[in-house]
Amino acid sequence: NAAKEAKGQALLDNELSDTQEYWFESRVSEGLQRKILIRGRLNFTKENPKEGFVRADGKHWFIDARAGYHTRAIHQDVVILQPLPENEWGRPIGKRRLVFTKDDDDANTTTDGRSLSYPTFPSARVVAIETMSRRSFVATMVDIPMPDESAAIVVPMDIRIPKIRLPTKLWQQFVGKRLLVEVDAWDIGSNYPHGRVLETLGNIGDLETEVKCLLCENQVRLQPFSLAARACLPEQGVNWTIPSSELENRRDLRNAHCVFSVDPVGCQDIDDAMSVHHLPSGDVEIGVHIADVTHFVALNSALDREARARGTTFYLVDRRFDMLPSLLSSNLCSLHGQTDRLAVSVIWTLSSDLETIKLTWYGRTIIHNVAAMTYEQAANILDGRAPEKAGEEPPPPLTAGSPVRKKLIPQLKKDLGLLTTLARKRRKTREDVGGAVDLSSGDIGGELKFTIVDGKPVAVKPKQDLEIHHTIAELMIFANTSVAAKIYDRFPGSALLRIHQEVSEDRFDDLKEMLVAGNLKLDGKSNMELAESLKKAENKSVPVVAALFRSLATRAMSEALYVSTGDTKEGQDLGHYGLGLSTYTHFTSPIRRYADVVVHHQLLASLIEPKEQHIETANNHATVALPDSAVVSMLKGKPETDAEKDDLIRGTAELVVGNGAAGTGAEAIGIDDLIDGAASALLNEDN
């Protein structure tokens, strides 16, 4: 019809602006040597996808796509920039584009309608693309053909990616479908890259289609475990039992320590358990016991290589994708209740007042988990209530939440109470001495809890925030901190640590503006000042507003990073700003996170007598065990966060529309450039 033809012609008319040729390689090389050109990774923003930024040598450069200065580069490309003279600097709008203002004085606006009141920003234009990022995207067909109907436009789910032109006269067959499209060319003079359809993923709004889109968009294409990987599993399968030879090489805690675990409802991959043991001297042994994954997954075996490529287990609303085969992740490695299991343990001997650490022991153990509880069961026991509600159905086998035996309840209440006291002390020390920043949302609920019926989400509500959540998190932080100190002391040139660097105060400008509106002040000079400012703001605010303050603070934070200490710059701070710790790593989740597997290798190597070959082996665990991976993982960061957010959007939308909903839309990792995972969640409880 006439309206569609007019829109199609408008699309065509909009295709003649970018006429910049790429520079020749020799010219680029000379410019880089003379330092008149800049190399960096181009990032477009979701707030304003026509505005890109490149960070290089500690400075940000604005790339104005409206003016064509992106020169056909796509989000995440590594590009070569030519800085522009100051009189050509652009005026980025950013999130301010969302605010409508009417200005009768045309003299106060630029030719593209942007207000001259917006400050200029150091700007540059792309003169070459050094390394292309991914070129396949999930997209949706627009029911508007070009005037001659020889091509049509598809819109990527990731709004940072430009619309893509498909040269096909059969475009109508793709209307109402989700497509996997590959960009194969971008002609000079065209605003739209050319692409082709690789795969039709399914109908818009179908739940399985939307899940498939989510995985494709985040480059998660997991094949079943190979025959070679499955051959690494124990031959006995589910009938595997602890070999007698392990008794000679491990500390047997099955009779001396009351070991228990606390996890979410329905948890199958139970990584961690804890114990309390009182000594005749009056001292107390506190243990954190972690699944011994490395017993089953030999370094550089076929199974190890495939787990390494996956990087993590990640969770959607109604399903999960395991890093390890289910025989291990849900059974043999998992620390199930009423079951003997192999573990790697950290056991502290503390004074009776829990103030002094007298001894820290690390090693391989055998444990028996007397109760695999849920957070709700543990909270009920602490509060003197029955662990389960009367008539409540027990959970499926091999999951957290089986009924707690009555005879265990008094001992569990005592032990949980002592761990709660310890966690409070540890948290207070981190806040008072290290300046830890509490970014949890309290009982407003930073996370959502979905109720699944027949495989589909039917209800959603904020997760209840209980003190037991913080207690378990604090114990895991304690263990991670102790292991970090151990491996860094033994292998200072190759320890795998997790660092979180201090952020510049100007990143808190949005939060400052909001606090000023409420006659409150923010001091972000250090983590301690920031924590104090947030506490004062919380005390003067209703819970919803306090949660918003913490959310804005989280967004302003830099990302936590995995680093090998041998690859860091001299004098680089290896501490964790958010947690208020001098050294930190990830040790407590080896079933679902490969970084922890590396740390287990390093910890166990550190316990061997210091011989040269062992040191060399441990060094390799930090530098070899984390190669490039094309899979979204905890090691790769924001793509996973976006995936989780997209999935929550889909799950919530399904509750509204009834049958799924449209969603919104990795770079490879190396030990030199590991990117944080799930920053907004892990800054709170990075354990």
Side-chain angles (χ1 to χ4, degrees), residues 253-278 284-291 334-341 343 345 347-348 350 352-354 367-428 440 442-443 445 447 449 461-479 588 685 687:
L253 305 177
R254 288 177 291 183
N255 295 321
H257 288 239
C258 177
V259 178
F260 54 89
S261 60
V262 184
D263 290 280
V265 175
C267 180
Q268 295 177 304
D269 47 350
I270 301 175
D271 286 286
D272 56 88
M274 56 285 312
S275 65
V276 176
H277 179 59
H278 293 270
V284 184
E285 284 186 340
I286 304 293
V288 168
H289 315 284
I290 307 301
S334 186
L335 308 181
H336 290 303
Q338 302 299 311
T339 309
D340 293 347
R341 284 290 183 255
S345 301
I347 300 176
W348 305 275
L350 303 176
S352 58
D353 61 1
L354 307 179
I367 65 170
H368 181 86
N369 186 352
V370 300
M373 294 179 285
T374 64
Y375 286 108
E376 289 75 13
Q377 286 176 311
N380 287 339
I381 290 174
L382 274 169
D383 293 339
R385 299 189 296 268
E388 303 85 31
K389 296 178 181 178
E392 185 176 11
E393 285 191 22
L398 301 180
T399 60
S402 293
V404 179
R405 289 177 292 169
K406 288 185 179 180
K407 68 177 184 179
L408 293 174
I409 293 176
Q411 183 65 49
L412 290 173
K413 181 177 182 179
K414 180 180 177 182
D415 291 350
L416 286 167
L418 187 142
L419 293 179
T420 301
T421 301
L422 174 64
R424 290 171 182 168
K425 291 176 178 287
R426 295 289 306 176
R427 186 182 183 95
K428 189 174 189 304
S440 60
D443 43 17
E447 296 181 66
K449 180 179 180 180
K461 63 180 180 181
K463 284 187 178 179
Q464 185 180 8
D465 188 62
L466 303 170
E467 185 174 16
I468 187 63
H469 290 114
H470 301 283
T471 296
I472 302 304
E474 200 64 46
L475 286 172
M476 299 305 112
I477 291 171
F478 193 10
T588 54
E685 296 179 6
N687 44 44

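We're numbering straight along the sequence, starting at 1. Hydrogens, waters and symmetry mates are skipped; everything else that's a heavy atom, side chains included, is used. Keep in mind that this is a model prediction, so the values were computed, not measured.
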Participant: So, H470 and D465: side-chain donor and acceptor under 3.5 Å apart, yes or no?
Facilitator: yes
Participant: When rounded to the nearest 0.5 angstrom, what is the spacing between CE in M373 and SG in C267?
Facilitator: 13.0 Å
Participant: Looking only at atom types and distance, does a side-chain atom of T339 sit under 3.5 Å from a main-chain N or O of G337, one as donor and one as acceptor?
Facilitator: yes
Participant: About how many Å separate CG of L419 and CG of L412, when rounded to the nearest 0.5 Å?
Facilitator: 10.5 Å
Participant: With distance as the sole test, does D383 use its side chain to make a donor-acceptor pair with the main-chain N or O of R385 at under 3.5 Å?
Facilitator: no
Participant: Please check if the side chain of R341 supplies one atom and the backbone of S334 the other of a donor-acceptor pair under 3.5 Å.
Facilitator: yes
Participant: Would you sort out whether I347 and L253 count as a side chain to side chain contact (heavy atoms under 4.5 Å, CB included), showing the intermediate values?
Facilitator: CA-CA 11 Å; I347 300 176; L253 305 177; 4.0 Å; yes
Participant: Is any side-chain heavy atom of L422 closer than 4.5 Å to one of T471?
Facilitator: no
Participant: Using 0.5 Å steps for rounding, measure from the CD1 atom of I468 to the OH atom of Y375.
Facilitator: 8.0 Å
Participant: So with a 6.0 Å cut-off around CG of D353, is the heavy-atom count from everything else above 12?
Facilitator: yes
Participant: Given the rule in the side chain to side chain contact (heavy atoms under 4.5 Å, CB included) test, do E388 and E393 qualify, once you have shown the distances and angles that lead to the verdict?
Facilitator: CA-CA 9 Å; E388 303 85 31; E393 285 191 22; over 6 Å; no
Participant: Within the structure provided, determine whether K425 and E474 are in side-chain contact (heavy-atom separation under 4.5 Å).
Facilitator: no
Participant: Measure the shortest side-chain to side-chain distance between F260 and V404 over non-hydrogen atoms and say whether it is less than 4.5 angstrom.
Facilitator: no
Participant: Run the side chain to side chain contact (heavy atoms under 4.5 Å, CB included) check on L418 and H278 step by step: do they pass?
Facilitator: CA-CA 11 Å; L418 187 142; H278 293 270; 3.8 Å; yes
Participant: What residue among D272, D271, I367 forms side chain to side chain contact (heavy atoms under 4.5 Å, CB included) with H289?
Facilitator: I367
Participant: Looking at CG of D269 and OG1 of T399, how far apart are the two atoms once the value is rounded to the nearest 0.5 Å?
Facilitator: 11.5 Å
Participant: Side chain to side chain donor-acceptor pair (under 3.5 Å) between Q411 and D415: does it pass, once the steps are laid out?
Facilitator: CA-CA 6 Å; Q411 183 65 49; D415 291 350; 2.9 Å; yes
Participant: Kindly indicate whether the side chain of H277, heavy atoms from C-beta on, has any atom under 4.5 Å from the side chain of V284.
Facilitator: no
Participant: Find the distance between CD1 (I381) and NZ (K413) and round it off to the nearest 0.5 Å.
Facilitator: 10.0 Å
Participant: Are the side chains of D263 and T374 in contact, using a 4.5 Å heavy-atom criterion?
Facilitator: no
Participant: Can you confirm whether S261 sits close enough to I270 that some side-chain heavy atom of one is under 4.5 Å from a side-chain heavy atom of the other?
Facilitator: yes
Participant: Rounded to the nearest 0.5 Å, what's the gap from OG on S345 to CE on M274? Could you check?
Facilitator: 11.5 Å
Participant: Heavy atoms only: give me the nearest V259-A273 pair and the separation to one decimal.
Facilitator: CG1-CB, 3.6 Å
Participant: Go through the steps for H257 and E285 under the test side chain to side chain donor-acceptor pair (under 3.5 Å), then give the verdict.
Facilitator: CA-CA 9 Å; H257 288 239; E285 284 186 340; 3.2 Å; yes
Participant: Hey, does P387 have a side-chain heavy atom less than 4.5 Å from the side chain of P403?
Facilitator: no
Participant: Could you go through the side chain to side chain contact (heavy atoms under 4.5 Å, CB included) check for W348 and V288 one step at a time?
Facilitator: CA-CA 9 Å; W348 305 275; V288 168; 3.7 Å; yes
Participant: Under a 4.5 Å cut-off applied to non-hydrogen side-chain atoms, are N380 and Q377 in contact?
Facilitator: no
Participant: Give a yes or no on whether the backbone of V370 and the side-chain of Q338 come within a donor-acceptor separation of less than 3.5 Å.
Facilitator: yes
Participant: Can you tell whether the side chains of R424 and E467 come within less than 4.0 Å, N to carboxylate O?
Facilitator: yes
Participant: Looking at L416, is its backbone amide N or carbonyl O close enough to the side chain of T420 to form a donor-acceptor pair, meaning the two atoms are under 3.5 Å apart?
Facilitator: yes
